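Some notes on the structure that comes next.
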Amino acid sequence: MTLSQRILRKIVKNEAMAADPPEIYGWRVYLLACSACFGAMSFGWDSSVIGGVIVMPPFIDDYKLGVKNSPESAALAANIVSTLQAGCFLGALIASPLTDRFGRKWCLITISMVILAGVIMQAASSGNLGPMYAGRFIAGVGVGAASTINPIYVSENAPRAIRGLLTGLYQLFIVTGGMLAFWINYSASLHFSGKLQYVFPLAIQALPAMLLCGCMLLCQESPRWLARRDRWEETKAVLSRIRNLPPTHPYLEEEFKEIVDQLERERQLIGDATFWKLQKEMWCIPGNRNRALISIFLMICQQMTGTNAINTYAPTIFANLGITGVSNTLFSTGIYGIVKVLSCMAFLLFMADSLGRRRSLLWTSIAQGLAMFYIGLYVRIAPPKAGDVVPPAGYFALVSIFLFAAFFQFGWGPTCWIYASEIPTARLRSMNVSYAAATQWLFNFVVARAVPTMLVTAGGPTGYGTYLIFGSFCFSMFFFVWFFIPETKGMSLESMDALFGVTAAPEKSLHEDESRPEEITEAATGPSSSEHSQAGVAGPSEKEGARQQQIEVAG
C-alpha cells in the first residue's frame, strides 16, 4: 500500500474504504477526475472574472455603464453579467441528449471549443455591447453543458468509497477558477491601464477551456456509458485500467456485474430509451420522481443561499461594507477566493465521505444563515460612511463574508453536485443532472440579474434586505434537508435504486400501448449470450428463464 493510499484510509471513514482493495485509489482515477473538472474551472472563472471587470474604470468608460451605484448602471451591469447564466441554462438542457448519444469524453472536448469561441468574442468586443453579450452567451452554453456532463463523467468513474471526494472536485475547481479570476483582476488593476486592464482578464478565461480540451484527449470514455452502448469488452477494459486491477480480480468482476445487472433491470422495466419513455420513467415511478425533485430543489436552495451574489459582485459588496478603492476591494475579493478554496479542500478530504452529505447540509444551513443575518443587521444599524474608519463591528461583518464562504464550501457548494450525480439510476443520470444543472443556472441567472438592483434598493440605499432575504432562505433549508434528504456516503451507484425504493415497476402502467415483454429483443435486454457468460449473468441456456422473469416483472 502506497503512502497516499494509507493517508486516504486514515482520512476517509466509511465501510467501503475499509473493504475495497487499495489498488483502486491509484493516480489514474484522480487524473481523470481533475481533467474533466477543468470544465468546472471555466464555470468559476467565467462567473467570477466579470464581477471585477465591471468595476474597472476603463471598462465603465468604454461600455458606458454610467454613474456608479445608480439603478441604470446596476441594470446594465446585471445584463452583462447574467447573459452568461442565460447561455448556461440552455447548455445544461441540451447536454443530456448529446452526452447520451455521443459520450461524455467527446462532448466535453467539443464544449471546450464552444467556450473558447465565446471567450474570444468577449475579449475582442472592444466597447461594443453586442459582441460582449453574444460572447458571454456562447461561452455560457459551453459552461452550462460542462456543468451537466462533468459530474456525470466523474461519478461514473469514481470508486464508491471516495465518490464524494472526486465528484466534489467539481466544486473545488469552480472555486479555484474563481480565486484565480479574482487575483488576475487584482493584478490587472495594479499593472495595466487602458483597455488592456479588462481585456487581459477576459482573454485569460480561455486557459481552463484549453486545459479541458487537452486533458480530455488523454482520458478514457465512461465505462457506464460504454455499457449502455453494449460495448462490453471496452467497458471491462476501461474499468480494469482506471481501477488498476486485472480483469479477473473479484472486485472488478463484482463491479462489472453490478453494472450489467442494473442495466438489464432497467431494460426489462421500460425497454428502449426514447425521450418520452425516459420522461415517463422519471416522473411516473415515485422513487425516480423523488430523486429528480431532490436534485432540483437542492440546486434552488444552493443559489438562494446568496453565494453567487457574493461571488459575482464581491467587489461591490466589499465596497458597501466600507472597503475603499478598486484595488482594495479586488484584493479583499482575492482573499475571499482563497478562503473558498481552502475550505472546499477541507470538506472534500475530511467530511464528504466521512461526516457525510446530509449532516454537512444541516449544520451549514444554520451557519450560513447566521453569517448573512449579521451582515444585514450591521448594514442596517450602522451603515458604513465614506471616509470613516471601519469599526470593529464592520470588520466582523467582513469576517462574516469569509465565514459564509467557508460554510458554503463545507456543505451546500459541493454536496448538491454530489447528490445530483450519484442518486439517479444510470439510465436517467444524464437527464437528472441536466435538469439539476439547468435549475442551478436558471436561479443563478435570477440572482445575478436581481442582486445589483437589490443592493441599491432592498431596504434602502444600503441594501441590507438583500442579506436578510438570503439568510432566511438558509434557515429554511435546514428543514428541507431534515425531512427529505437521505444519507448516501459509501454507497455504490447501483444501490441507489434500493435506497429510494425502486426495485421493479409494472411496465404496463408506463406503456399501455407497448408490445408484450416476451417480444423484447435480445439487443434491448442486455449483452449477447457470450457476453452474458463473460459477465457472470444469464447465458443462452437461461434465455427462457430470463423471458419468464420479464413477464413476472411486467405482471
Side-chain angles (χ1 to χ4, degrees), residues 8 11-20 24-25 29 33 150-172 224 254-255 258-259 262 265-266 282 285-302 344 347-365 409-433 435-437 440 477-478 480-503:
L8 195 63
I11 292 174
V12 179
K13 304 295 183 182
N14 59 47
E15 293 179 3
M17 174 60 70
D20 295 344
I24 66 175
Y25 307 115
V29 70
N150 186 170
I152 297 171
Y153 181 75
V154 175
S155 67
E156 289 183 345
N157 282 279
R160 60 182 180 175
I162 57 169
R163 190 175 59 250
L165 187 156
L166 294 183
T167 308
L169 285 176
Y170 178 81
Q171 181 69 19
L172 178 61
R224 286 169 170 84
E254 180 183 356
E255 184 175 12
E258 284 182 346
I259 295 172
Q262 187 195 35
R265 284 196 302 271
E266 291 174 353
M282 174 173 280
I285 297 176
N288 291 338
R289 181 173 63 247
N290 292 342
R291 285 182 275 188
L293 291 175
I294 283 174
S295 300
I296 288 170
F297 279 106
L298 281 174
M299 290 302 180
I300 294 173
C301 292
Q302 185 194 66
C344 187
F347 169 80
L348 296 178
L349 288 174
F350 301 107
M351 297 173 68
D353 291 302
S354 299
L355 178 63
R357 288 72 150 137
R358 187 172 183 272
R359 290 180 181 176
S360 299
L361 293 178
L362 286 171
W363 80 265
T364 54
S365 299
Q409 301 309 323
F410 284 145
W412 285 92
T415 304
C416 294
W417 292 105
I418 294 171
Y419 268 114
S421 61
E422 72 180 4
I423 62 175
T425 191
R427 177 187 196 83
L428 301 174
R429 185 168 293 119
S430 67
M431 187 176 296
N432 190 92
V433 178
Y435 288 162
Q440 190 262 359
M477 285 148 43
F478 174 90
F480 169 65
V481 175
W482 181 270
F483 289 108
F484 297 108
I485 306 299
E487 183 57 74
T488 59
K489 71 171 182 177
M491 298 179 64
S492 70
L493 292 180
E494 286 69 32
S495 64
M496 296 298 172
D497 284 349
L499 176 65
F500 286 90
V502 179
T503 54

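Throughout, residue positions are numbered sequentially from 1 according to the sequence presented. Source: prediction; values computed, not measured.
- Counting only distance, with no hydrogens or angles, the side chain of Q302 and the backbone of W412 share a donor-acceptor pair below 3.5 Å.
- In this structure, the separation between CG on N150 and OG on S155 is 9.5 Å, given to the nearest 0.5 Å.
- No more than 12 heavy atoms of other residues, nucleotides or ligands shown are found within 6.0 angstrom of CZ on F297.
- For the atom pair OH (Y153) and CG (L166), the distance works out to 12.0 Å, reported to the nearest 0.5 Å.
- Y170 meets the ring-ring contact (aromatic ring centres under 6.0 Å, His included) test with W417; sequence neighbours excluded.
- Under a cut-off of 6.0 angstrom, the local environment of CZ in R359 is sparse, with at most 12 non-hydrogen atoms contributed by other residues, nucleotides or ligands.
- In plain terms, the two heavy atoms of R358 and P486 that are nearest each other are CD-C, 4.2 Å.
- When all heavy atoms of T364 and S360 are compared, the closest pair comes out as OG1-O, 2.6 Å.
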query = So I24 and V29, side chain to side chain contact (heavy atoms under 4.5 Å, CB included) or not? Walk me through it.
reply = CA-CA 8 Å; I24 66 175; V29 70; over 6 Å; no
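- Atom CD1 of I285 and atom OG1 of T425 lie 9.0 Å apart (nearest 0.5 Å).
- Taking NZ from K489 and CZ from R357, the interatomic distance works out to 9.0 Å, rounded to the nearest 0.5 Å.
- Side-chain atoms of Q409 never come within 3.5 Å of backbone atoms of P414 as a donor-acceptor pair (strictly under, hydrogens ignored).
- Taking the six-membered ring for Trp and thresholds of 30 and 60 degrees, F480 and F484 have ring planes inclined between 30 and 60 degrees apart.
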request  = Take I152 and R224, measure what side chain to side chain contact (heavy atoms under 4.5 Å, CB included) needs, and give me the verdict at the end.
outcome  = CA-CA 10 Å; I152 297 171; R224 286 169 170 84; over 6 Å; no
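- Shown are I294, I418, N290; of these, the side chain to side chain contact (heavy atoms under 4.5 Å, CB included) with I423 is made only by I294.
- Proximity of R291 to Y419: side-chain heavy atoms (C-beta onward) are nowhere separated by under 4.5 Å.
- Annotation: side chain of E258 is not in contact with side chain of Q262 (no heavy-atom distance under 4.5 Å).
- Here the CD1-CG distance, from I485 to L298, works out to 4.5 Å after rounding to the nearest 0.5 Å.
- Of all heavy-atom pairs spanning V433 and S421, the tightest one is CG2-CA, 3.7 Å.
- Side chain to side chain, R429 and N432 fail the donor-acceptor criterion of an N or O pair below 3.5 Å.
- Contact of the L499 side chain with the T488 side chain is registered, since non-hydrogen atoms from C-beta on lie closer than 4.5 Å.
- Not counting sequence neighbours, Y435 has no partner by the ring-ring contact (aromatic ring centres under 6.0 Å, His included) test.
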